[in-house]
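Below: one structure, written as structure tokens.
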Amino acid sequence: MRISYACPACHATTSIDGIETRESLDCAACGAVLPIPADAIAGRGTTQPPRLQRCMVCPSLELFVRKDFPQRLGLAIVVAGLAASCVAWANRELVATFGILFGTALLDVTLFFLMPDCLSCYRCGARYSGPGVTTPGGSPAAGGREFGGFDLETHEKHRQLVARTKRLASDPTHP
Ligand SMILES: [Zn+2]
Ligand SMILES: [Zn+2]
């Protein structure tokens, strides 16, 4: 299992592999150590495959399933497709222009479906990928916590929670 998170101390993005066997997360940029909560991964030290139960970076128990699709790659394909179609359009190649546009859209959609699922934290945006993050075939694992897709209501709840925490931190006279 792999985590990608923004360090709470220095805000640098850190990626760490093999988190199911680690005791803590160490920031590569500032060296801050985040102890991994004991209940974060189910099936530790047993024959069961490890399964993520909650966020390791913040106290949030709520994560959502999303595609592990690098947005930059998706954008690069679209931009390359648009540029190529413009060249074809300039050369009055009508069929090629629309062929390229259709092809890039199809490539984007195909890649999206081929990409594995990953889990993302509503509150801090930490991203978890690799085995143990989602159940293969979508069948609920015995006793494990199941995470669903993105839910706007949950997202809004966490956004307000973060905003309130920030307000309290900046104004300690009004708890
Ligand atoms: Zn750091
Ligand atoms: Zn989190």
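Start at 1 and go down the list; that is how both ligands and their atoms are numbered.
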**Cationic N near anionic O, under 4.0 Å, Arg54 to Asp39** = yes
**Item:** Sphere of radius 2.8 Å around the Zn ion (ligand 1) - protein N, O or S atoms inside
**Value:** Cys7 SG, Cys10 SG, Cys27 SG, Cys30 SG
**Request:** May I ask you to decide whether Glu62 forms a salt bridge with Lys157, counting only side-chain N to carboxylate O separations under 4.0 Å?
**Result:** yes
**Message:** So that I know where these two stand, are Phe64 and Phe147 an aromatic pair - ring centroids less than 6.0 Å apart?
**Reply:** no
**Asked** Just by modelled atom types, is the Leu34 backbone N or O under 3.5 Å from a matching donor or acceptor in the Ser24 side chain?
**Response** no
**Single-linkage hydrophobic cluster Met115~Val133, side-chain heavy atoms < 4.5 angstrom** = no
**Item:** Whether His155 and Tyr122 hold their rings parallel, tilted or perpendicular, with breakpoints at 30° and 60°
**Value:** tilted
**Prompt:** When hydrophobic residues are tied together by side-chain contacts of less than 4.5 Å, even through go-betweens, does Leu101 share a cluster with Leu107?
**Reply:** no
**Prompt:** Counting no waters, what protein N/O/S atoms lie under 2.8 Å from the Zn ion (ligand 2)?
**Reply:** Cys55 SG, Cys58 SG, Cys121 SG, Cys124 SG
**Item:** 4.5 Å side-chain heavy-atom contact, Val65 and Phe150
**Value:** no
**Asked** So, does Glu20 use its side chain to make a donor-acceptor pair with the main chain of Met1 at under 3.5 Å?
**Response** yes
